[in-house]
Student: 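My structure is below; once you've seen it, I'll send some questions.
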Amino acid sequence: MRVVHHPILGNLPEVQQVRIWVDGKEIAARKGEPIAAAIAAAGIKIHRHTTKREEPRGIFCGIGQCTDCVMVVNGVPNVRTCITPVTEGMTVETQHGAGRGGR
Amino acid sequence: MREVDLAVVGAGPAGLTAAIEGAKRGYSTVVLDMNPRPGGQLIKQIHKFFGSREHRAGTRGIEIADTLFYEAASAGVEVIVEAEVYAIHDSTLEVVVQTFAEDSLILPSEEATTSRSRPLSIAARRIVLATGGAENALSFAGWTLPGVMGAGAAQTMINLWRVLPGERILMVGAGNVGLIVSYQLMQAGGEVVAVIEATPRIGGYGVHAAKIRRAGIPILTSHTIVSASGESRVERAVIAKVDASWEIVPGSEQELEVDTICIAVGLYPNARLASLAGCELHYFPGLGGWIPVHNSRMETTVSGIYVAGDLSGVEEASTALEEGRLAGICAAASLGKERAGDHDEIKAIEGRLLGLRSGPFCQHRQDAKQELIGIGEAQCPQQ
Ligand SMILES: Cc1cc2nc3c(=O)[nH]c(=O)nc-3n(C[C@H](O)[C@H](O)[C@H](O)COP(=O)(O)OP(=O)(O)OC[C@H]3O[C@@H](n4cnc5c(N)ncnc54)[C@H](O)[C@@H]3O)c2cc1C
Ligand code: FES
């Protein structure tokens, strides 16, 4: 959910919109924001599934320290989505295991 | 390979002040930060800081970050973001610059969509490590479920990126971070169901606790989290009372319907890079954990590598600003051009640090720092 009104920060400023594709679905993102913020705003919580037990994982640290939030971005696996800004037309996929060969 | 006089890792308050001192003295200075925005922890702080006027109390952290960045840029510091330092050897920093952005200054545009990383080696005559801290995790049943996150992560999401990570939130930990972030989650439109604290006392300042209570949020001391559960994400949490020996009081379990659990149980120094660089570490529980041993000039056991800020003991932005300045001045002075005023400036900084580390809440930090510096004076290279 977007924080549109804020008592200290004011209303959410208008910025350029960027379209990204998350598991094939189009999502509107804000230019400059990290992938993790865009997908959280769209209600998506699961970023990846672990290798052995296929357990779901989402963001944990939000500052690039823990690697829980990695996804496959433009075909590249293990991208930390919390510190990687969106770009127009970017494709983002839920990562399974190490993210190569679909598993 | 690029060559610089001073390379600083981390663009938080400690790194930026260190860099400013280096550049002010005419040394080529570069700051590297893996995050897309400089400022470190400060960029998510929208509350007015406590402390003295000298340390910009009353100013919001995010404004301090902007001022520092501007000051650094005008002093001639080059700040490179999305640049992670992953190793340091023989005075050389190995960096990977990662970006997908087409308009990035780092990557040529034709490569941008396919290639995302470029290696960069920087040879530096002096290095200041200011990599800050990271949040402690807490393990309980279900702690890896999506929806369990650091309080700092939630704070970054709401204040910087303006996205509420969940709607009904349980905060674990009633130190300053837990209290401040709870309040900010409410300001962002979230519902904080409770703040729980395992010890019998609220760790954070009274003013912050009072704000939470006034908003009608219960602060439950002597309570811990037992479990989180849900279908692929957090849907509920079980909390319970603990007795004086930290055992769960049978029958005191309560189930809370929440979609987010924030963990605010302290930070630890992010000493991985320092350790890789060969700096000796020492364990100081009162300062957050393993800390690079350093002397009074902030130099580590590796000659030419300095540390500052939360990395050299988890404290506050005010101490990080002072330590950064100190490390920057000392690193620059060791390059040869000691300036007339340096000695007095160092003494003044030491005085202010002493002031910041006094009082009932902070004296233990002064004692630990003193012990750390004592070890450093014996082990670190002599001037
Ligand atoms: C909720 C909260 C409230 C706070 N309130 C206050 C307050 O009211 N008053 C106060 O004085 N202090 C406050 N603080 C504390 C203050 O924010 C920190 O003490 C301060 O930011 C530490 O500064 P630093 O420069 O050491 O590290 P940080 O600000 O953490 O910066 C470290 C930087 O290093 C970068 N980095 C790490 N590793 C690498 C690497 N390998 N390569 C490249 N870059 C790297 C990180 O991306 C980060 O940007 C608060 C903290 C929190 C979490
Ligand atoms: S959430 Fe920890 S690295 Fe992204």
Side-chain angles (χ1 to χ4, degrees), chain A residues 1-9 11-13 15 18 20 29-50 53-66 68-69 73-76 79-80 82-92, chain B residues 34-37 40-41 44 46-47 60 62 81-82 84 98-104 112-117 132-135 137 143-150 152-167 184 187-190 231-234 259-260 263 270 272:
Chain A
M1 197 176 78
R2 291 278 176 201
V3 181
V4 179
H5 305 290
H6 196 286
I8 287 172
L9 298 169
N11 288 343
L12 188 64
V15 296
V18 170
I20 64 169
R30 291 166 60 82
K31 190 176 162 65
E33 75 180 349
I35 300 163
I39 69 175
I44 299 169
K45 294 206 167 184
I46 300 171
H47 289 228
R48 67 181 181 102
H49 296 273
T50 58
R53 294 204 257 160
E54 301 200 29
E55 289 175 0
R57 292 284 190 275
I59 72 155
F60 186 76
C61 75
I63 52 167
Q65 295 290 350
C66 76
D68 252 7
C69 68
V73 178
N74 287 355
V76 183
V79 174
R80 283 168 292 180
C82 68
I83 56 167
T84 305
V86 292
T87 57
E88 179 63 36
M90 185 178 249
T91 62
V92 179
Chain B
M34 61 198 266
N35 269 276
R37 234 186 108 162
Q41 302 268 8
K44 55 187 150 182
I46 59 163
H47 60 287
R60 301 182 198 282
I62 191 157
V81 293
E82 292 188 87
E84 180 166 11
Q98 306 203 331
T99 185
F100 287 99
E102 292 88 359
D103 52 1
S104 160
T113 48
T114 49
S115 157
R116 60 170 191 130
S117 55
E135 294 185 283
W143 75 284
T144 57
L145 277 175
V148 178
M149 67 185 73
Q155 196 188 30
T156 308
M157 281 292 163
I158 50 174
N159 294 344
L160 193 56
W161 308 121
R162 303 284 296 257
V163 178
L164 198 56
E167 276 153 48
Q184 293 177 352
Q187 288 179 316
E231 188 62 47
S232 333
R233 63 194 171 82
V234 174
D259 59 13
T260 305
I263 310 297
N270 179 12
R272 284 177 295 191

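Quick note: numbers below take in every heavy atom, side chains included, and nothing from hydrogens, waters or symmetry partners. Here is how names work: the chains are called A, B, and so on, in the same order as the sequence lines, proteins then strands, and each is numbered from 1.
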Student: Taking side chain as C-beta onward, heavy atoms only, is A:Pro13 less than 4.5 Å from B:Arg162?
Tutor: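 A side-chain contact exists here, since the closest heavy-atom pair is under 4.5 Å.
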Student: Using a 4.5 angstrom heavy-atom cutoff, name the option from A:His47, A:His6, A:Met90, A:Glu55 with the most pairs to chain B.
Tutor: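 Top count of heavy-atom pairs under 4.5 Å with chain B: A:His6.
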Student: Let me know if A:His49 has heavy atoms under 4.5 Å from chain B in its side chain, its backbone, both or neither.
Tutor: neither
Student: Decide yes or no on side chain to side chain contact (heavy atoms under 4.5 Å, CB included) for B:Gln187 and A:Val3, but give the supporting numbers first.
Tutor: CA-CA 9 Å; B:Gln187 288 179 316; A:Val3 181; over 6 Å; no
Student: Non-hydrogen atoms of chain B under 4.5 Å away: do they reach the side chain of A:Ile8, the backbone, both or neither?
Tutor: side chain
Student: Answer with side chain, backbone, both or neither: which region of B:Ala137 has an atom nearer than 4.5 Å to a non-hydrogen atom of chain A?
Tutor: both
Student: Should B:Met34 and A:Ile83 count as side-chain neighbours, where that means a heavy-atom distance under 4.5 Å?
Tutor: yes
Student: Quick check on B:Asn270 against chain A: is it the side chain, the backbone, both or neither that has a heavy atom closer than 4.5 Å?
Tutor: side chain
Student: Give me the atom names and distance for the closest heavy-atom approach of A:Ile59 to B:Met149.
Tutor: O-CB, 3.7 Å
Student: Looking at chain A, which one of B:Glu167, B:Met157, B:Arg37, B:Glu135 has the largest number of heavy-atom pairs inside 4.5 Å, strictly under?
Tutor: B:Met157
Student: Quick check on the interface: out of B:Leu145, B:Thr156, B:Asn159, B:Ile158, who has the most heavy-atom pairs with chain A under 4.5 Å?
Tutor: B:Asn159
Student: I need the minimum non-hydrogen distance between B:Pro146 and A:Gly58, along with the two atoms involved.
Tutor: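 Looking at all heavy atoms of both residues, the shortest contact is CG-N, 3.7 Å.
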Student: Please classify the contact between B:Gln155 and chain A as side chain, backbone, both or neither, with a heavy-atom cut-off of under 4.5 Å.
Tutor: neither
Student: So for A:Glu33, is it side chain, backbone, both, or neither that comes closer than 4.5 Å to the heavy atoms of chain B?
Tutor: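 Both parts, heavy atoms under 4.5 Å.
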Student: Look at A:Gly64, A:Pro85, A:Gly62 and state which one has the largest set of heavy-atom pairs under 4.5 Å with chain B.
Tutor: A:Pro85
Student: Report yes if some heavy atom in the side chain of B:Val163 is under 4.5 Å from a heavy atom in the side chain of A:Arg2; otherwise report no.
Tutor: yes
Student: In terms of heavy-atom proximity below 4.5 Å to chain B, should A:Val4 be classed as side chain, backbone, both, or neither?
Tutor: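 A:Val4 touches chain B through backbone heavy atoms alone.
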Student: Is any side-chain heavy atom of A:Lys45 closer than 4.5 Å to one of B:Thr260?
Tutor: yes
Student: Examine whether an atom of A:Ala38 lies under 4.5 Å from a heavy atom of chain B, and if so say whether it belongs to the side chain, the backbone or both; otherwise answer neither.
Tutor: neither
Student: When rounded to the nearest 0.5 angstrom, what is the spacing between SG in A:Cys82 and CG in B:Asn35?
Tutor: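 Going from the SG atom of A:Cys82 to the CG atom of B:Asn35 covers 7.0 Å.
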Student: Determine, stepwise, if the pair B:Thr144 / A:Arg53 fulfils side chain to side chain contact (heavy atoms under 4.5 Å, CB included).
Tutor: CA-CA 12 Å; B:Thr144 57; A:Arg53 294 204 257 160; over 6 Å; no
Student: Which heavy atom of B:Trp161 sits nearest a heavy atom of A:Gly32, and at what distance?
Tutor: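 For B:Trp161 versus A:Gly32, the nearest heavy atoms are CZ3-O, 3.7 Å.
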Student: Considering only heavy atoms and a distance below 4.5 Å, find which of A:Ala41, A:Ala40, A:Gly75, A:Pro7 pairs most often with chain B.
Tutor: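 Result: the option with the highest number of such pairs is A:Pro7.
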Student: Considering only heavy atoms, which portion of B:Glu82 lies under 4.5 Å from any heavy atom of chain A: side chain, backbone, both, or neither?
Tutor: side chain
